[in-house]
Amino acid sequence: MLLMSRPSQRLGLGLVVLLAACLVGAPAPGASLAQQHNWPHWRGPLMNGTAPDAKPPVRWSETENVRWKTKLPGLGHSTPAVWGDRILLTTARPVGEPLEKPIPDSAPGAHDNYPVTNRYEFIVLAVNRDDGAILWEKKVHEALPHEGAHYTASLASASPAADAEHFFAFFGSYGLSCLRHEGELVWEKSFGRMQSKHGHGEGSSPVLSGDTLVVNWDHEEQSFVVALDKRTGKERWRVNRDELTSWASPIVVEHAGQQQGIVSGTQRVRAYDL
């Protein structure tokens with residue numbers, strides 16, 4: 001199974017595509033899609049972006065090796081998380097009338113950025129893995145963005161995470177949300193306003209380690225990495241980082257029996273006990 005969130009334009013529709021072969025693992029004879037492997041984070045179940053048992057197609061077109069295609073509202077560069085028969089996606093959709101005068105980006109060194117033209121809804125969607133039907137759509141935040149981001153980026157670039165109970169959708173300055181698989185909001189968390197380098201936008205993705213959700217918050221002010229209780233959103237710990245904007249997503253590895261969150265940065269690569 002290969003999934004792609006593909007934008008058409010800034011204010012247009014995205015597209016999610018399911019190719020006929022399985023990215024995560026070859027299906028057992030007679031197994032449904034829901035019985036096949038999950039893809040719980042941006043880097044996948046092995047935390048390294050690989051799927052050793054994958055047999056993806058090497059050719060496809062509008063009809064060849066495509067199981068289904070579904071149009072999506074708004075624009076999101078986040079990759080999907082997959083659990084069971086659900087595909088979790090995030091997107092940002094403009095709402096209301098455009099501003100009379102677009103707001104240009106004022107960040108130091110800003111270049112090649114979209115101006116702010118609209119308020120946006122920040123949305124989480126669940127798509128049925130078997131047929132591409134949108135099962136539910138949940139608006140978790142609405143705001144006038146403080147920066148428009150680089151023209152190659154989006155306001156929904158951080159990839160979600162998932163486990164057997166919950167989906168975790170991260171929109172950076174516009175909040176972190178935990179939802180049940182049926183779309184019910186469990187908890188929300190705000191870390192304030194992030195100021196990215198050159199105003200190019202936000203995109204670090206959270207990662208799960210057991211009951212702990214790890215978020216990296218590297219930006220042009222005080223950076224930090226924070227660990228949250230996945231069930232409540234309560235902070236377990238927070239450590240300041242001597243870093244500026246990095247857009248780095250944590251990975252989790254085990255060393256000497258201890259789970260560690262590894263986070264890259266401009267200055268150093270650091271490990272944090274989880």
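- F171 and L155 fall within a single hydrophobic cluster, where Ile, Leu, Val, Met, Phe, Trp and Tyr side chains are chained together by heavy-atom contacts under 4.5 Å.
- Applying the salt bridge (charged side-chain N to carboxylate O under 4.0 Å, His left out) test to pairs two or more places apart or on separate chains, those with a residue in residues 150-177 are D163-K230, E165-R231.
- Residues passing the salt bridge (Lys or Arg N to Asp or Glu O under 4.0 Å) test with E188, sequence neighbours excluded: none.
- Using cut-offs of 30° and 60° for the angle between ring planes, the F122 and H141 rings count as tilted.
- Checked against side chain to side chain contact (heavy atoms under 4.5 Å, CB included), T50 has the following partners two or more places apart in sequence or in another chain: L46, N48, P52.
- Comment: E221 does not engage R193 in a salt bridge, judged by the lack of any side-chain N to carboxylate O separation of less than 4.0 angstrom.
- In summary, D229 and R236 engage in a salt bridge, as defined by a charged side-chain N under 4.0 Å from a carboxylate O.
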What verdict does the side-chain hydrogen bond (donor to acceptor under 3.5 Å, both in side chains) test give for Y151 and H200, after you've listed the backbone C-alpha separation in whole Å, the side-chain angles of each residue and the deciding distance to 0.1 Å? CA-CA 8 Å; Y151 74 92; H200 280 348; over 6 Å; no
Can S78 and T90 be said to form a side-chain hydrogen bond (donor to acceptor under 3.5 Å, both in side chains), step by step?
CA-CA 7 Å; S78 58; T90 62; 2.6 Å; yes
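- Residues that satisfy the side-chain hydrogen bond (donor to acceptor under 3.5 Å, both in side chains) test with S209, not counting sequence neighbours, are absent from this structure.
- Contact check on E182 versus K138 returns no salt bridge, with no Lys/Arg side-chain nitrogen under 4.0 Å from an Asp/Glu carboxylate oxygen.
- Residues satisfying the side chain to side chain contact (heavy atoms under 4.5 Å, CB included) criterion with M194, sequence neighbours excluded, are S173, E202, W217, H219.
- Checked against the 6.0 Å centroid criterion, the rings of H198 and H111 qualify as a close aromatic pair.
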Anything under 3.5 Å between a donor and an acceptor, one on a side chain of residues 100-109, the other on a protein residue two or more places apart or in another chain? List them.
residue: D105; atom: OD1; partner: A107; partner atom: N; Å: 3.0
residue: D105; atom: OD2; partner: N113; partner atom: ND2; Å: 3.2

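- For S196, the side-chain hydrogen bond (donor to acceptor under 3.5 Å, both in side chains) partners two or more places apart in sequence, or in a different chain, are E147.
- Partners of K139 under the salt bridge (Lys or Arg N to Asp or Glu O under 4.0 Å) rule, at least two apart in sequence or in another chain, are E121, E142.
- For E254, the side-chain hydrogen bond (donor to acceptor under 3.5 Å, both in side chains) criterion is met by Q259, not counting sequence neighbours.
- Note on ring orientation: taking the six-membered ring where Trp is involved, the planes of F191 and F170 are perpendicular (angle over 60°, cut-offs 30° and 60°).
- Under the rule for a side chain to side chain contact (heavy atoms under 4.5 Å, CB included), the partners of R270 that lie at least two apart in sequence or sit in another chain are R241, D242, E243, Q267, R268, Y272.
- Qualifying side-chain hydrogen bond (donor to acceptor under 3.5 Å, both in side chains) partners for T232, counting only residues two or more places apart in sequence or in other chains: none.
- Looking only at side-chain heavy atoms (C-beta outward), V252 and Q260 stay at 4.5 Å or farther from each other.
- Scored by the side chain to side chain contact (heavy atoms under 4.5 Å, CB included) test, S204 finds N216, S249, P250 as partners (sequence neighbours excluded).
- In this structure, the side chain of N118 does not engage the main chain of Y120 through any donor-acceptor pair within 3.5 Å.
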